[in-house]
Structure formats: C-alpha cells, structure tokens
Amino acid sequence: MTKYKLEYIWLDGYTPVPNLRGKTQVKSFDAFPTLDQLPLWGFDGSSTMQAEGSSSDCVLKPVAHYPDPARTNGVLVMCEVMMPDGTTPHPSNQRATIVDDEGCWFGFEQEYFFYKNGRPLGFPEQGYPEPQGKYYTGVGYAAVGDIARTIVEEHLDLCLAAGINHEGINAEVAKGQWEFQIFGKGSKKAADEMWMARYLLQRLTEKYCIDIEYHCKPLGDTDWNGSGMHANFSTKFMRENGGKEYFESLMAAFERNLEEHIAVYGPDNHLRLTGKHETAPWNKFSYGVADRGASIRVPHSFVNNGYKGYLEDRRPNSQGDPYQIASRILKTVAEVEES
Ligand code: ADP
Ligand code: MN
Ligand code: MN
C-alpha cells in the first residue's frame, strides 16, 4: 500500500467568476487509484459562498483525475459540488448540467497576465513600458523579461506530465501577457483540463510571488490588449459533411443567439469586445475568412476544404467558464444539426 495525496479541487460559489479551491486528503491504495476508488468528501460551504453557516456541509464528487507531477504520490482530483445528499448538484455546479458531445472537439486559447505587486509583470512602478509591438511571440529580456518564460515552461511541463492536452504556448501582445492552448474531445474533457491547467498555473506562481490576472481588460480603456479565450470548435458533421448551406444556417443560429452566447462568454466582455485590438463589437455578430476583427473567424482551410473543419469563436474571454462556453456552442449547433 502507498499513501497518496489526493488534492480535491472544486469551483466555489463566488459570482460572476468562481475561484478554484483545493484541499488534501491522504489515502492508501495498492496502485495509482482509479476514479471509482476516490471517495466522496465534504467541505465547509459557508466559507466558499456555497452554504449558510447553520447547515454548511457540501459534498465533493470526483469527476476526473490526473497525476500531480509536483507532488510525490500526488493526485489532482477535479470535483463537482453536490448537495448534502451527495446526488443533487449544488446550484453553483455548472458542470453537472452542461451539454456534452464527444464528437464535438474544442480548442481553447487561454490568454492571461502575470501580475506582480498589482501591475503586469515587467511594467515599471509608474507609467508604462514601451508600447505594444515587440512583445507578441517575442524573445529576449527586453520583450519578455527575466522570469516569465521560466514559469511558462514549468507550467507546460507540469500540465504535460499530468496528461493535460496542451497544444502550445506563446508570449502575447501586451507586456506580461501569455497564452496557452488546450484541445479536447467533448465539453467536459476540454473544460476539465482547462480548469486544471488554470489551477496548476496559480499554484505554481505562488512561489514566485506572482498572481494570474484573468480579467479580460485589466488595463481598462488604454492601448493595451485585453485577454480572450478563443474557442475553436468542430462537430463530427462539420468535419465530415459541412457545406456552404450548413455553414450559413449555423452562422444564422449564432446570430440569433448572440445574447445567450455573450451571457456566458465571461464578465465585462463589453470592455474588451469594442471593435479595436483584434475584436468585434460585442453587440453585433459577424464572421469572416481569416478575419481577426470578426466574432467568428473562418480559417482559410475551412473554405478551401468545402466548408468543412473547425471555426473559431473569438468572443469568449479569459475569465469565462469553459463548461458554459462549450455547452452554449453545442446548444446553438443543435438548432442546426437537429433540424
Ligand atoms: P490562432 O491563429 O487563433 O492563434 P491557434 O493556432 O493558436 O490559432 O489555435 C488554433 C486552435 O484550433 C488550436 O487550439 C487547436 O486545438 C484548434 N483546432 C484545430 N483543429 C480543430 C478541430 N478540428 N476542432 C476543434 N478545434 C481545433
Ligand atoms: Mn492569442
Ligand atoms: Mn485564436
């Protein structure tokens, strides 16, 4: 028997953006445990905006698990929050009710800022560094500073060792801003891995005294880019059949559901989706081939292959909940694929 450190991780009840929470229990197993072997556990919901003090127990239900490369015999356990009966999803538990389809593939591009002492990493104490231009995919101290790349590389290695399907990393347009991409088949798989990657990034940066700023427009109305989480998606039908007619009715469905999409694409998105800085205005749906100023960018390959492949919804922001984003895309797709 080996003692494993099980880190139970969940989303708390804060709105509009939940925080990641985690606590450890040590349990003995003959070998790395299967998901079924991981027991339900409880926590004090009155400290996480998930219960009243008088009846504070909430239940943690393991739904996905990964080896924890930063700990000896560690396991990262993604959990859903349940009511005390253990079977009813807690109102804050979005994952329990989303639409899923393993045939729908998602690629999320998570942008974020490193923050130190309340300012983007690499910003002087007062004023601003050199304007945007050389930071995106930059190399060298002047472009990316001294510590950011060390952290980004360490995070990538942790995620890969945990089995999270990272597809890439790059320095972004603003100083102190970076991106990683995760690809997964199905809403739950892709979104679980995104939340776990966020968890690993936040935990890793503790030792560097650096915070992760996920807000979509942390520098407000300035000439500094905001952060998005572009959602690339393709259904089985889009990959195998597609066609111009299907594509046009899909775009019409996205236009019809503009409000419903924006509602789950992350808070304060009107501050980011202004029509500037490679964005489309939040209240006007548009699409275009290779157009980074459209709501949905249609890759050249999509058109060249006879309207087949994947599309990129550029509107979701860096603080959005990937469970709800993926689910909303699937709901809109279903209006077209089922009719
Ligand atoms: P960008 O030019 O927008 O920065 P990237 O190359 O960073 O684009 O990202 C393209 C994304 O598309 C990747 O995250 C990848 O996972 C995703 N992707 C590629 N093929 C598919 C597909 N068939 N279905 C869904 N997503 C896909
Ligand atoms: Mn980007
Ligand atoms: Mn993109």
Side-chain angles (χ1 to χ4, degrees), residues 100-114 132-133 135-138 144 148 152 156 159-160 164-191 193-194 197 213-214 216-218 224-242 246-247 250 265-266 269 272-273 276-280 286-320 322 325-330 332-333 337:
D100 201 357
D101 171 8
E102 283 174 21
C104 190
W105 301 351
F106 291 97
F108 292 115
E109 306 171 42
Q110 172 77 61
E111 295 178 337
Y112 61 93
F113 278 84
F114 288 123
Q132 291 182 170
Y135 306 129
Y136 170 73
T137 58
V144 296
V152 165
L156 176 60
C159 288
L160 291 176
I164 292 171
N165 197 26
H166 267 239
E167 290 217 314
I169 51 177
N170 60 272
E172 265 302 335
V173 173
K175 182 132 200 174
Q177 190 188 32
W178 289 76
E179 167 177 319
F180 62 83
Q181 300 112 32
I182 287 182
F183 174 84
K185 298 181 177 178
S187 317
K188 285 183 179 165
K189 182 152 200 308
E193 293 192 12
M194 177 53 70
E213 176 57 71
Y214 292 106
C216 70
K217 203 67 188 171
W224 293 92
N225 269 36
S227 299
M229 187 172 68
H230 299 165
N232 301 274
F233 64 96
S234 65
T235 61
K236 191 165 183 288
F237 191 88
M238 284 167 69
R239 291 188 302 273
E240 294 176 4
N241 302 81
Y246 167 86
F247 169 72
L250 184 63
Y265 277 4
N269 224 356
R272 164 179 166 261
L273 299 178
K276 289 190 289 183
H277 304 109
E278 299 174 53
T279 67
S286 62
Y287 64 88
V289 179
D291 184 355
R292 287 167 194 273
S295 314
I296 288 196
R297 177 172 66 95
V298 184
H300 281 300
S301 61
F302 189 88
V303 178
N304 294 343
N305 292 335
Y307 291 84
K308 266 195 282 205
Y310 74 95
L311 297 169
E312 177 189 49
D313 194 332
R314 299 176 60 79
R315 297 169 297 170
N317 81 30
S318 42
Q319 243 179 348
I325 294 166
S327 179
R328 182 60 245 179
I329 289 173
L330 279 176
T332 296
V333 165
E337 292 198 1

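Atoms within each ligand, like the ligands themselves, are counted from 1 in listed order. The structure presented is a predicted model; accordingly, all values stated were derived computationally and were not measured.
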A.B. asks: What protein heavy atom sits nearest atom 15 (C) of ligand 1, and how far away is it?
C.D. replies: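 Atom 15 (C) of ligand 1 sits closest to the protein heavy atom Glu167 OE1, 3.1 Å.
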
A.B. asks: State, to the nearest 10 degrees, the angle whose vertex is the Mn ion (ligand 2) and whose arms point to OE1 of Glu179 and OE2 of Glu172.
C.D. replies: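 So the angle at the metal works out to 80°.
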
A.B. asks: What atoms of ligand 1 come within less than 4.0 Å of a heavy atom belonging to Glu312?
C.D. replies: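 Ligand 1 atoms under the 4.0 Å threshold to Glu312: 3 (O).
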
A.B. asks: Could you go through the side-chain hydrogen bond (donor to acceptor under 3.5 Å, both in side chains) check for Glu172 and Asn225 one step at a time?
C.D. replies: CA-CA 9 Å; Glu172 265 302 335; Asn225 269 36; 5.5 Å; no

A.B. asks: At under 4.0 Å between heavy atoms, is it the side chain or the backbone of Trp105 that contacts ligand 1, or both, or neither?
C.D. replies: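 For Trp105, backbone and side-chain atoms both sit under 4.0 Å from ligand 1.
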
A.B. asks: Return the option from Phe233, Phe106, Phe108, Tyr310 holding the heavy atom at the smallest distance from atom 18 (N) of ligand 1.
C.D. replies: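 Heavy atom nearest to atom 18 (N) of ligand 1 belongs to Tyr310.
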
A.B. asks: The Mn ion (ligand 2) is nearest to which N, O or S atom of Glu111?
C.D. replies: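 Relative to the Mn ion (ligand 2), the closest nitrogen, oxygen or sulfur of Glu111 carries the name OE2.
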
A.B. asks: Set out, in order, the CA-CA distance, both residues' side-chain angles and the distance that settles side-chain hydrogen bond (donor to acceptor under 3.5 Å, both in side chains) for Gln181 and Asn170, then state yes or no.
C.D. replies: CA-CA 9 Å; Gln181 300 112 32; Asn170 60 272; 3.1 Å; yes

A.B. asks: Would you mind finding which of Asn232, Thr235, Asn170 brings a heavy atom closest to atom 17 (C) of ligand 1?
C.D. replies: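 Among Asn232, Thr235, Asn170, the closest heavy atom to atom 17 (C) of ligand 1 comes from Asn232.
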
A.B. asks: State if Arg297 counts as touching ligand 1 under the rule of any non-hydrogen atom under 4.0 Å.
C.D. replies: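 It does; at least one heavy atom falls under 4.0 Å.
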
A.B. asks: Is it true that, when you exclude Glu167 itself, more than 12 heavy atoms of the residues, nucleotides or ligands shown sit nearer than 6.0 Å to its CD?
C.D. replies: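 Atom CD in Glu167 is packed in, count exceeds 12.
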
A.B. asks: Judged by modelled atom types alone, do Asp313 and Tyr265 share a side-chain donor-acceptor pair under 3.5 Å?
C.D. replies: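 Note: Asp313 and Tyr265 side chains meet the donor-acceptor criterion.
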
A.B. asks: Of all heavy-atom pairs between Thr235 and Cys104, which one has the smallest distance, and what is that distance?
C.D. replies: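 Looking at all heavy atoms of both residues, the closest pair is CG2-SG, 4.0 Å.
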
A.B. asks: Can you tell if the side chain of Phe247 reaches within under 4.5 Å of the side chain of Val303, non-hydrogen atoms only?
C.D. replies: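 Sidechains of Val303 and Phe247: no contact.
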
A.B. asks: Verify the contact flag for atom 6 (O) of ligand 1, where contact means a protein heavy atom under 4.0 Å away.
C.D. replies: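 Given the 4.0 Å cut-off, atom 6 (O) of ligand 1 does not count as touching protein heavy atoms.
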
A.B. asks: Judging by distance only, is a nitrogen or oxygen of Glu109 under 3.5 angstrom from one on ligand 1?
C.D. replies: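 So ligand 1 has an N or O lying under 3.5 Å from an N or O of Glu109.
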
A.B. asks: Test Phe233 against every option in Phe106, Phe108, Tyr310 by the side-chain contact (heavy atoms from CB on, under 4.5 Å) rule and name the one that passes.
C.D. replies: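 Per the side-chain contact (heavy atoms from CB on, under 4.5 Å) rule, the option paired with Phe233 is Phe106, out of Phe106, Phe108, Tyr310.
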
A.B. asks: Return the set of protein N, O or S atoms whose distance to the Mn ion (ligand 3) is under 2.8 Å, each given as residue and atom.
C.D. replies: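 Atoms qualifying: Glu109 OE1, Glu109 OE2, His230 ND1, Glu312 OE2.
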
A.B. asks: What class does the angle between the rings of Phe183 and Trp105 fall in, given that below 30° is parallel, 30 to 60° is tilted and above 60° is perpendicular?
C.D. replies: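 The arrangement is perpendicular - the two ring planes meet at more than 60°.
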
A.B. asks: Just by distance, do the side chain of Asp100 and the backbone of Ser187 share a donor-acceptor pair under 3.5 Å?
C.D. replies: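 Judged by distance alone, yes, a pair lies under 3.5 Å.
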
A.B. asks: What do you reckon, does His230 have a nitrogen or oxygen under 3.5 Å from a nitrogen or oxygen of ligand 1?
C.D. replies: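 Between His230 and ligand 1 (N or O atoms, distance only) the closest approach is not under 3.5 Å.
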
A.B. asks: Are Leu250 and Met238 close enough that some pair of their side-chain heavy atoms sits under 4.5 Å apart?
C.D. replies: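 Yes, side chains in contact.
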
A.B. asks: Once you measure the plane-to-plane angle for Tyr112 and Phe114, does it fall in the parallel (<30°), tilted (30-60°) or perpendicular (>60°) bin?
C.D. replies: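 The arrangement is perpendicular - the two ring planes meet at more than 60°.
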
A.B. asks: List the closest protein heavy-atom neighbour of atom 24 (N) of ligand 1: residue, atom name, distance to the nearest 0.1 Å.
C.D. replies: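 Looking at atom 24 (N) of ligand 1, the protein heavy atom closest to it is Ser234 OG, 2.7 Å.
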
A.B. asks: Anything under 30° is parallel, anything over 60° is perpendicular, the rest tilted; go ahead and classify His166 against Phe180.
C.D. replies: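 Geometry flag for Phe180 against His166: parallel rings.
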
A.B. asks: Are any of the N/O atoms in Arg292 less than 3.5 Å from those in ligand 1?
C.D. replies: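 N/O-N/O distance below 3.5 Å exists for this pair.
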
